[in-house]
Amino acid sequence: MWRANKCMALVVAIALLVPMVGFAQLADLPRSETLIVSILTGRSVPADDFNEWVGWKWRDRGMQNLANEPLWSVDFATGEIINGLAAGDPVYDSNFFHLEIPLRQGVAWADGEPFTADDVVFTVETLMAHEGFNAHNFFLDNVELVYKIDDYTVGFDLKQANSRFHTTFLDRWGCTWIMPKHIFESVDDPVTFKFNPFVGCGAYKLHSYEPAGAWTVWERREDWDKSPTGILYGMPAPKYVVFQHFANEGAEIVSLLTHQVDAADLSSEGLKAALAQGKTIRAYQPGFPWVVNNDPAITGLTFNTAKAPYDSADVRWALLLAIDIVEYVAQAVGATGTLSPVHIPSLGSYPDNFIRPMEAWLEDFTLDLGNGETFKPYDTDRVDGVVDYATSAGYIVSGDIEAAFGLGWYKHAPDAATKLLEKSGFSKNADGEWLLPDGTKWTIEVLGRTDVNHLQSVNALAAVQQWKQFGIDAVYVGSDAFDTLTQNGDFDVSGTWPGYEPWGAGPDLYRTLDYYNSAYVQPVGTLTQGHHSRWTSDAMDTVLEDLRNTDPADAAATIALGIEGLKIAVTEMPGIPTFGYIGNVAWDEYYWTNWPGLENPYMQPYTHWGPMKYFLPSLEATGN
Amino acid sequence: MAFVKRYLIPRLISYILVIFLGITAVFFIPRFTPSDPVHRTIAQLMSRGTYLDPASMEAMVEDLQELYGLEGSLLQQYGAFWKRTFTGDFGVSFFQFPTPVSELIRTALPWTAGLLLWTTMLSWVFGNIVGALAGYFSRSRWSKALDTLAMVVRPLPYYIFAFALLILFAFVVRWFPIAGGTAIGRLPAFTWTYIWDVLWHAFLPALSLVVLGGAIWFQTMKLIVQNVNAEDFVQYAKLGGVREGRIVSRYIMRNAMLPQITGLALSLGQILSGALITEIVFSYPGVGTLLFNAITSGDYNLIMGITALSILGVTTAILVIDLLYPLFDPRVRFR
């Protein structure tokens with residue numbers, strides 16, 4: 001008996017001792033001075049390679065979002081472009097064959113070397129000299145000569161007129177970064193060089209990383225005031241920033257609930273679970289719909305316009321009118337999406353610059369249903385429908401409804417859709433199923449990913465549901481080869497974004513509209529360089545030509561041309577824009593507060609985007 | 001000599017043939033899928049924020065095909081592949097370009113081997129010993145209790161079981177870490193602190209594997225022992241007054257072990273392909289995640305590197321067992 005009691009006492013003692021001895025999530029870092037965020041893109045393998053100019057190197061482990069500084073950054077929350085290593089806007093000549101970029105003075109690399117125009121010139125020359133760099137061909141195609149005008153001014157002579165050349169240096173979740181010349185100039189092969197330890201111009205330097213790539217730790221530089229972050233915003237609050245990989249969301253949520261991670265990107269359900277259980281956890285929006293709804297990407301559906309019957313605008317519009325967007329957005333994302341009727345998201349400056357000025361046109365926009373009948377599809381009441389749905393589901397909807405749910409969308413009009421299809425020769429059989437003009441059954445394969453939580457998949461799944469209700473034999477096809485199939489045109493309809501992601505700041509839509517450029521379209525079966533819809537039009541080419549000849553700094557002219565382009569896209573509807581990209585950001589306020597939430601959106605809220613580095617000075621330690 | 005001619009040589013030939021055919025299949029199968037690694041690389045770079053100028057994309061495709069070694073006919077690529085493979089060079093990873101495949105495997109394999117080698121052995125030893133005893137004493141209460149426990153544990157989906165352990169020990173009582181192979185900021189070093197940290201992080205993944213794996217070995221061994229126990233020669237030994245311990249160890253266990261040894265060899269061979277679900281639940285480093293990512297990104301070279309190792313591991317394990325079998329089973333020697 002005595003021995004049994006002794007054994008039991010030993011077991012209890014070990015059980016109590018284990019957590020005391022072992023439980024230390026951070027080896028030697030003070031938790032109260034450490035910010036821990038999850039890596040969005042996965043385990044950083046190989047962990048010792050920081051050469052971000054070649055292939056993919058998990059830049060969101062703290063390179064692009066912390067220790068690196070671009071010339072300019074997009075902040076989609078304010079719609080502003082932030083000057084980082086650049087001191088101001090680029091200055092083009094009148095025919096866009098030459099530009100000069102002013103650089104910021106007083107900036108030093110993390111190892112103390114000053115940043116100058118030599119670094120920029122060296123970077124461009126090195127990228128041009130070596131195959132294997134991601135941007136090699138771009139600079140080879142565009143740059144005739146790059147040269148230093150003085151220590152803080154760089155000049156470019158271009159091979160062809162390009163009024164948007166500088167945007168290669170504009171960080172919108174990545175850009176062309178500047179290399180430290182003093183490090184790379186002594187390297188034999190800059191393509192295979194691992195650039196370890198990483199040296200950037202940001203306010204942090206590399207502290208350590210796990211060889212298996214699970215975490216990377218960065219430490220605030222003592223000379224943080226020689227970084228653009230420090231110069232613009234002051235000292236970043238956390239002394240250490242950790243980027244940690246979680247292979248499953250359950251572990252990520254448990255880490256949030258136990259204060260072992262401060263910021264994470266979750267799924268919609270994951271965010272709800274974290275909010276329900278964590279007293280100190282908050283989302284981007286304090287109330288429903290909680291989510292980050294100002295991400296500059298528009299989700300939706302893309303038609304393969306190189307394939308009948310999706311080569312017909314009438315068919316594409318009929319399929320749009322067969323969609324009840326309230327049911328669609330409820331099924332897809334629990335009514336948390338911000339609707340957009342055009343091929344850019346309804347966020348930041350875009351509603352005021354583009355969507356509101358288009359509203360009169362949208363309301364007048366008329367479809368020819370045949371037999372002399374016409375139909376005006378635009379409907380601002382659809383937003384109210386989404387709000388009603390959310391309210392009926394028990395959510396409290398308050399605040400700026402238009403900002404949260406959009407300005408309007410299109411009517412659910414199965415009758416008009418039927419007339420458009422009948423106009424194109426479609427018919428229904430006795431069972432109510434739609435038949436193609438040749439009398440065979442119409443089956444639409446809607447392509448998504450095998451990850452059914454991806455917004456491309458949820459759009460595809462919601463479309464299948466809507467079109468089935470309309471009598472079309474629609475089926476969901478989830479494929480790991482999604483990218484290849486869409487690039488090669490081997491699909492009917494896919495969940496690909498209907499418009500290429502815009503900058504998210506500034507008035508220029510060239511980035512989005514240029515993907516409809518007819519010069520980029522390749523035959524089905526080969527990789528298209530433009531939008532996967534393979535849709536083009538002479539009218540859009542004309543808009544693009546005009547945009548190319550317009551200085552992007554000329555806001556009025558750029559906006560006017562952007563609106564023209566959007567009108568053409570709406571008229572032809574090569575893809576159906578539905579709702580803006582949704583981010584399910586969760587922040588734990590146990591250690592850090594003053595996150596850039598909706599009530600105080602001083603900076604974009606993601607920890608994987610570049611401007612994360614710019615909101616760190618505003619974070620406040622709680623003292624826990 | 002007869003052993004070499006009739007037993008060893010045929011097995012060596014089939015060993016080489018299986019490796020050749022297996023690796024050949026691994027070369028061709030990914031190439032017949034619709035996923036193109038160059039397209040995937042471009043799409044993934046674009047989806048991860050890299051703006052690729054459409055006008056420069058055609059040249060980039062050509063560059064990548066050249067850099068990835070995807071130029072030339074399939075047969076030419078196949079020839080070049082075998083040339084490289086003989087020197088242990090699987091080329092560079094497409095998606096993690098220009099990192100050599102061997103370097104990626106070298107980073108991940110120690111974690112996988114370190115976790116799976118001893119958990120496989122432990123669950124095998126534990127499951128077989130307890131299973132044998134439970135089979136022999138199958139009418140005892142403890143045997144029935146263990147059998148009931150195994151029947152409850154074994155059908156549990158591994159993911160659910162592992163996640164339940166994670167919730168219980170990392171969230172409810174907080175004795176073990178939630179994720180990773182080491183504490184944040186702890187760098188590899190040959191110190192007790194580091195070794196303790198690695199073991200502490202490996203405990204839950206190991207526990208999940210040992211318990212579920214052990215339950216499987218337990219049940220199979222128990223059934224085999226029960227069958228062997230009913231054989232005439234065992235009954236004869238009992239009637240002949242042979243000691244019970246000798247009956248269990250020499251008469252029953254020795255016969256019952258044969259299929260278990262084969263099973264162990266296969267399990268050890270499969271270690272090289274990793275334990276994907278374990279790695280996902282516990283965010284544990286290893287080859288499983290590497291292989292999964294390689295498949296989803298169309299990274300032919302990495303797929304080939306890992307699966308070639310796995311093929312080599314399984315076939316070698318089978319060959320070794322085949323060669324050792326005559327030692328375990330005199331009937332094979334006799335034949």
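What's counted below: heavy atoms across the whole structure, side chains too, no hydrogens, waters or symmetry copies. By convention in this document, chain letters (A, B, ...) are assigned in the order of the sequence lines, proteins followed by strands, and residues within each chain are numbered from 1.
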(request) For this output row, return yes or no: ring centroids of A/Tyr209 and A/Phe50 closer than 6.0 angstrom. (result) yes

(message) If the test is ring pair (Phe, Tyr, Trp, His ring centres under 6.0 Å), which one of A/Tyr240, A/Trp218, A/Phe243 qualifies with A/His207?
(response) A/Tyr240

(message) Can you tell me which portion of B/Thr99 sits under 4.5 Å from chain A's heavy atoms? Options are side chain, backbone, both or neither.
(response) side chain

(request) Flag the one option from B/Ile295, B/Leu290, B/Thr107, B/Thr182 with the top tally of heavy-atom pairs under 4.5 Å to chain A. (result) B/Thr182

(message) Is B/Leu166 close to chain A through its backbone or its side chain, or both, or neither, when contacts mean heavy atoms under 4.5 Å?
(response) side chain

(request) Report the option among B/Pro188, B/Gly286, B/Gly185 that has the most heavy-atom pairs separated by less than 4.5 Å from atoms of chain A. (result) B/Gly185

(request) Measure A/Leu527 against the heavy atoms of chain B and call it side chain, backbone, both or neither at under 4.5 Å. (result) both

(message) Can you tell me which portion of A/Asp171 sits under 4.5 Å from chain B's heavy atoms? Options are side chain, backbone, both or neither.
(response) neither

(message) Heavy-atom cut-off 4.5 Å, strictly under: side chain, backbone, both or neither for A/His136 against chain B?
(response) side chain

(message) Pair A/Asp514, A/Tyr520 - check side-chain hydrogen bond (donor to acceptor under 3.5 Å, both in side chains), show working.
(response) CA-CA 9 Å; A/Asp514 187 43; A/Tyr520 304 148; 2.9 Å; yes

(message) Report which part of A/Asp48 has an atom under 4.5 Å of a heavy atom belonging to chain B: side chain, backbone, both, or neither.
(response) side chain

(message) So does A/Ile36 get a backbone contact from the side chain of A/Asp262, meaning a donor-acceptor N/O pair under 3.5 Å?
(response) yes

(request) Validate the cation-pi geometry between A/Arg172 and A/Trp503: distance from NZ or CZ to the six-membered ring centre under 6.0 Å, angle to the ring axis within 45°. (result) no

(request) Measure A/Val254 against the heavy atoms of chain B and call it side chain, backbone, both or neither at under 4.5 Å. (result) both

(request) Please determine, by modelled atom types, if A/His531 and A/Trp497 share a side-chain donor-acceptor pair under 3.5 angstrom. (result) no

(request) Identify which of A/Ser479, A/Ala214, A/Gly213, A/Pro46 forms the greatest number of heavy-atom pairs closer than 4.5 Å to chain B. (result) A/Pro46

(request) Measure A/Glu252 against the heavy atoms of chain B and call it side chain, backbone, both or neither at under 4.5 Å. (result) neither

(request) Identify which part of A/Val45 has an atom lying under 4.5 Å from any heavy atom of chain B, answering side chain, backbone, both or neither. (result) both

(message) Quick one, A/Arg548 with A/Tyr510, criterion side-chain hydrogen bond (donor to acceptor under 3.5 Å, both in side chains). Give me CA distance, side-chain angles, the key distance, then yes/no.
(response) CA-CA 8 Å; A/Arg548 271 192 294 276; A/Tyr510 185 76; 3.1 Å; yes

(request) Can you tell which part of B/Glu279 gets under 4.5 Å to a heavy atom of chain A, answering side chain, backbone, both or neither? (result) backbone

(request) Give a yes or no on whether the backbone of A/Ala212 and the side-chain of A/Arg43 come within a donor-acceptor separation of less than 3.5 Å. (result) yes

(message) Which atoms of B/Tyr284 are under 4.5 Å from chain A, going by heavy atoms: the side chain, the backbone, both sets, or neither?
(response) backbone

